[in-house]
Structure formats: C-alpha cells, structure tokens
Amino acid sequence: MIELSLEQIRNFRLYTHHLDRIFAKTDIEKLVGACGMQNTPPGAWETALYNRVPGCSLSEMDDLLYTEKSLLQAWSLRGIPVVFPISQSHIFLSALIAEEEEPWIYTSGISLALDFLQMDFNDLFRILQQVIPQLDDCTIMSKTSLDQTLADWMLPLIPENKRVLWSHPSMYGSPDKQTVGGAVVSFLLRPCAWKGLVVFGERQGTSPMFTSYKNWTGRSLIPEKDACKELVRKYLHCYGPANVNHFVSWLGCSGKQGRRMWNTVSEEMEPVSALGKKAYILSSDRERLLQPDSPERELLLLGGHDPFLDQRDREVLQPDKTLHKQIWKLVTNPGAVLYRGEIIGIWNAKKKKNGMEITITLWKSIPDRPCLHALAEAYAAFRKIRLLGVEIMT
C-alpha cells in the first residue's frame, strides 16, 4: 500500500482546488464546479473565486449568476447555499435525493414540529410538492417570506383538525416571525431544492430572492443516472485521500446514503496510507499524487468558508489540534492564512465607516512577510473598500 506524506497530500489538494496558481476567467466554470462554492455567509463564494481568479470583478461574478446564468445558487451539500455551474445541476442537486428509507439531508430537526402536529414527514412533503410549482410563475423575496408563503399555500390541504396547530407560533426560536407550518417548510425546502423546485434568484440588497429552477433557467431539472458517481468522484478528487466517513461528514448525509453513493465508484478507487490511516484515492489521481509539481503560489489569504478548508481530516491543514477551534467556529469562521497548504494563522476584516481594517494573527514565521500586506491590499481593492490598515500579530 502506498504511503503518502503530508506534503504530498497538501500539494495535491492545492492542485485539485486550483489554488496552486492563478487562473483565467475562461476557467471559471471548471473552478466553481470542482466541488461547488459555499455562499454562507453571503459573499463567501466571491472570495473563494477571487482567490483562484483575482482578475474577476464582483460585477462580473454577478453577471455569471444573474445575467449569463452559467452559474446557479441553490441549497446543496449539507443543506447550505452553494454556487455551482448550472450545467452540473444534476450533480449538486439531483444526486442528493434520498432513496427509500434514507433520511433526507438537513431534515433531522423537523421532528419537533412533526411531534407537535402528529403528522408524517412524507405526507407533509407530498403536500408541499403539490403547491410549490406555483413558484414557476413568481419570485419571493426573503427566506422568511418564502417559508410563510408556502405554508399558507399548504394550509388548505392540511387536515382540518391540524390547521390551528399549523398556524401556531414556531417552537424554533422566532415565534413572532414564523409559524409551525413555516418551520416545517423551512426543513422541507432542501429536499425541494434537490428536485429543482426552488433555487435562489437575484439578490436584492441584503435580501435573497427565491423561485423555481424552471422559472430561473427556462427548463425543468432532469436527474441523470450517473449523478451520484460524478459527485463522489468530485469529492475524492478534491479531498482524497479520504474514507467514507469523511464523505458522509462533507455531504451532511446519513451513513446509509453516504455508503450507497460511495460504493458507486468503488471500482475506481484504491487504498493508500495517509497519516498512518487507511484511506482511498481515485486510481486516476495516483500519478499526480506521487509526482507533484511545486505550487506557483505559496501564500494565500483564504476566506473562512473556502472549499479548501472543508477538508474533514483537519490535521492535514493544521497538525496542532488545539488551534482548530480558532479556525473552525460554530457560525462564521475567520479567514485562513495558508502557506504551502498549511494554515499558519487566521485573519479578520473589520468594516469601519470609511474603510476596512485587516488583522492577521500568525502562528508561524514566514520568509515573505511583506507579501501579507500586498494580499490584504489586493483583497480590499477587490471588495472596493479602502484599506485603513493591516495589523500583523504573532
């Protein structure tokens, strides 16, 4: 069995995540489609694309999403908003559809509402699927409005003796803004997304817009039989060497669903030893793993939710586990200072009235410290915000 070094793994992942060099605008669909780009908090995908194509402006990114529509934003892996090429919708959406007896991704929290209503998940999902095609003819602003509008559309189809409970204030923390029905819809929107029944439209200020895949693209989403295989291949290419538990964690799915999907490409994998543990790579990736090219770019300021940071074996990114809580937070992560594939520090940008201040904390010294100032200045220029200062702490 091949033994892979930490340096080989880091080098390979920099290459597969397209962080080893600067890419052109003509490569954008390939870059975004590598493994999708998370867009929560809003703007996360822009920073991720900027780190691969610094020459692409914010307005050009908007055009790709809203005018050209070569890219699409929808709830995808882990139930989060993800931007991906519209041509790969079957991979980032249809592949996530649960099969019989598999729980749907992101829906475990619905049990409180189901118990309160004394209703079945599948019954409510069927009702929502009956009414949500009305989005083919309209657009709804804000997630709160979407939840409640769909809940109102469902109400006439809810059993009469359950309608008072359906309209009861939510038990999930926003009873003044959400009903139990709205909470149910919120959980069921992810399965609806994977069937192409709801996607993100053009953002209006701070408010997201929602409509159907058909209304946004002009065609229905058609599942393809090899979608699961293609998604697992993407994962293994970007995050290999890996195991099925890493894949399940990355996807946010049940073990049953993850193993089913993983096994669709079992004949294309081979075992290796990584950090002393058995893991798997795509056989087609073996040569590049064993004979890596040195990356052209050594130092990067990655956004806190860059796909590169989604590695489930986090000790590859930072061997000192005591530092992990500083990198990966429960809500919004700081940015990561990346040097040759290792996280050597974190950074934060704080907006002020007349600009932005960037604070960088390093855990290791680097030979080209002035480069950090240049990277901070370039990021502020990309965001079109005046850089007021850069503070570097060690």
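Note that this is a predicted model, so its numbers are computed, not measured. Residue numbers run from 1 in the order of the sequence given.
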Measuring from atom [atom1] of [X] to atom [atom2] of [Y], what distance do you get when rounded to the nearest 0.5 angstrom?
{"X": "Trp363", "Y": "Leu323", "atom1": "CH2", "atom2": "CG", "result": "5.0 Å"}
{"X": "Met141", "Y": "Gln204", "atom1": "CE", "atom2": "CD", "result": "5.0 Å"}
{"X": "Thr264", "Y": "Glu267", "atom1": "OG1", "atom2": "CD", "result": "10.5 Å"}
{"X": "Leu299", "Y": "Arg340", "atom1": "CG", "atom2": "CZ", "result": "10.5 Å"}
{"X": "Leu197", "Y": "Leu135", "atom1": "CG", "atom2": "CG", "result": "8.5 Å"}

task = Give the intermediate values and the outcome of side chain to side chain contact (heavy atoms under 4.5 Å, CB included) for residues Gln73 and Trp45.
result = CA-CA 10 Å; Gln73 181 179 185; Trp45 89 276; 5.9 Å; no
Does a sphere of radius 6.0 Å around [atom1] in [X] hold more than 12 heavy atoms from other residues, nucleotides or ligands, not counting ones at 6.0 Å or beyond?
{"X": "Arg386", "atom1": "CZ", "answer": "no"}
{"X": "Tyr15", "atom1": "OH", "answer": "no"}
{"X": "Lys351", "atom1": "NZ", "answer": "no"}
{"X": "Lys162", "atom1": "NZ", "answer": "yes"}
{"X": "Lys69", "atom1": "NZ", "answer": "yes"}

Any donor-acceptor N/O pair, [X] side chain to [Y] backbone, under 3.5 Å:
{"X": "Thr211", "Y": "Trp216", "answer": "no"}
{"X": "Thr149", "Y": "Leu146", "answer": "no"}
{"X": "His324", "Y": "Gln318", "answer": "yes"}
{"X": "Glu224", "Y": "Ile91", "answer": "no"}
{"X": "Asn39", "Y": "Ala44", "answer": "yes"}
{"X": "Arg288", "Y": "Phe12", "answer": "no"}
{"X": "His246", "Y": "Asn243", "answer": "yes"}
{"X": "Glu29", "Y": "Pro85", "answer": "no"}
{"X": "Lys234", "Y": "Gly33", "answer": "yes"}
{"X": "Arg219", "Y": "Asn215", "answer": "no"}

note = Sequence neighbours excluded, the answer for ring pair (Phe, Tyr, Trp, His ring centres under 6.0 Å) partners of Tyr239 is His17, Tyr235, Trp250
key: Partners meeting ring pair (Phe, Tyr, Trp, His ring centres under 6.0 Å) with Tyr50 (sequence neighbours left out)   = Phe382
key: side-chain hydrogen bond (donor to acceptor under 3.5 Å, both in side chains) against Thr206, all qualifying residues, sequence neighbours excluded   = none
Can you get from [X] to [Y] by hopping between Ile, Leu, Val, Met, Phe, Trp and Tyr side chains that sit under 4.5 Å apart?
{"X": "Leu114", "Y": "Leu189", "answer": "yes"}
{"X": "Tyr339", "Y": "Leu19", "answer": "no"}
{"X": "Leu6", "Y": "Ile327", "answer": "no"}
{"X": "Leu302", "Y": "Val53", "answer": "no"}
{"X": "Val32", "Y": "Ile22", "answer": "no"}

ask   = With under 30° as parallel and over 60° as perpendicular, where do the rings of Phe116 and His168 fit, or are they tilted in between?
value = tilted
From Val164, Leu165, Leu117, Val185, residue fulfilling side chain to side chain contact (heavy atoms under 4.5 Å, CB included) relative to Val180 = Leu117
query = With ring centroids as reference points, do Tyr172 and Phe187 lie under 6.0 angstrom apart?
reply = yes
query = Is the gap between the ring centers of Trp75 and Tyr106 under 6.0 Å?
reply = no
Would you check if there is a donor-acceptor pair between the side chains of [Y] and [X] at a distance under 3.5 Å?
{"X": "Ser212", "Y": "Asp136", "answer": "yes"}
{"X": "Ser59", "Y": "Ser57", "answer": "yes"}
{"X": "Gln148", "Y": "Thr179", "answer": "yes"}

ask   = Does Asp123 come within less than 4.0 Å of Arg126, counting only side-chain N to carboxylate O?
value = yes
query = Between Lys177 and Asp147, is there a side-chain N and carboxylate O pair less than 4.0 Å apart?
reply = no
If you define the side chain from C-beta out and look only at heavy atoms, does anything of [X] sit under 4.5 Å from [Y]?
{"X": "Met261", "Y": "Leu251", "value": "yes"}
{"X": "Pro41", "Y": "His305", "value": "yes"}
{"X": "Trp262", "Y": "Leu236", "value": "yes"}
{"X": "His237", "Y": "Cys35", "value": "no"}
{"X": "Cys371", "Y": "Glu298", "value": "no"}
{"X": "Thr359", "Y": "Ile346", "value": "no"}
{"X": "Cys253", "Y": "Leu96", "value": "no"}
{"X": "Ile97", "Y": "Trp104", "value": "yes"}

request  = Starting from the C-alpha separation in whole Å, work towards a yes-or-no answer on side chain to side chain contact (heavy atoms under 4.5 Å, CB included) for Leu77 and Leu231.
outcome  = CA-CA 10 Å; Leu77 54 98; Leu231 183 59; 5.7 Å; no
inquiry  = Set out, in order, the CA-CA distance, both residues' side-chain angles and the distance that settles salt bridge (Lys or Arg N to Asp or Glu O under 4.0 Å) for Arg52 and Asp306, then state yes or no.
reply    = CA-CA 11 Å; Arg52 291 154 176 83; Asp306 191 279; 2.8 Å; yes
note = By salt bridge (Lys or Arg N to Asp or Glu O under 4.0 Å), Arg78 pairs with (sequence neighbours left out) Asp310
note = residues 328-337 vs side-chain hydrogen bond (donor to acceptor under 3.5 Å, both in side chains), sequence neighbours excluded, gives none
ask   = For residues 7-26, which residue pairs qualify under salt bridge (Lys or Arg N to Asp or Glu O under 4.0 Å), counting only residues two or more places apart or in two chains?
value = Arg10-Glu342, Arg13-Asp313, Lys25-Glu60
inquiry  = side chain to side chain contact (heavy atoms under 4.5 Å, CB included) for Phe308 and Asn51? Distances and angles first, verdict last.
reply    = CA-CA 11 Å; Phe308 187 78; Asn51 267 302; over 6 Å; no
request  = Applying salt bridge (Lys or Arg N to Asp or Glu O under 4.0 Å), run through Lys229 and Glu268 and close with a yes or a no.
outcome  = CA-CA 10 Å; Lys229 287 185 178 182; Glu268 302 175 31; 5.4 Å; no
task = Check step by step if side chain to side chain contact (heavy atoms under 4.5 Å, CB included) holds for Leu372 and Val390.
result = CA-CA 9 Å; Leu372 287 173; Val390 179; 5.9 Å; no
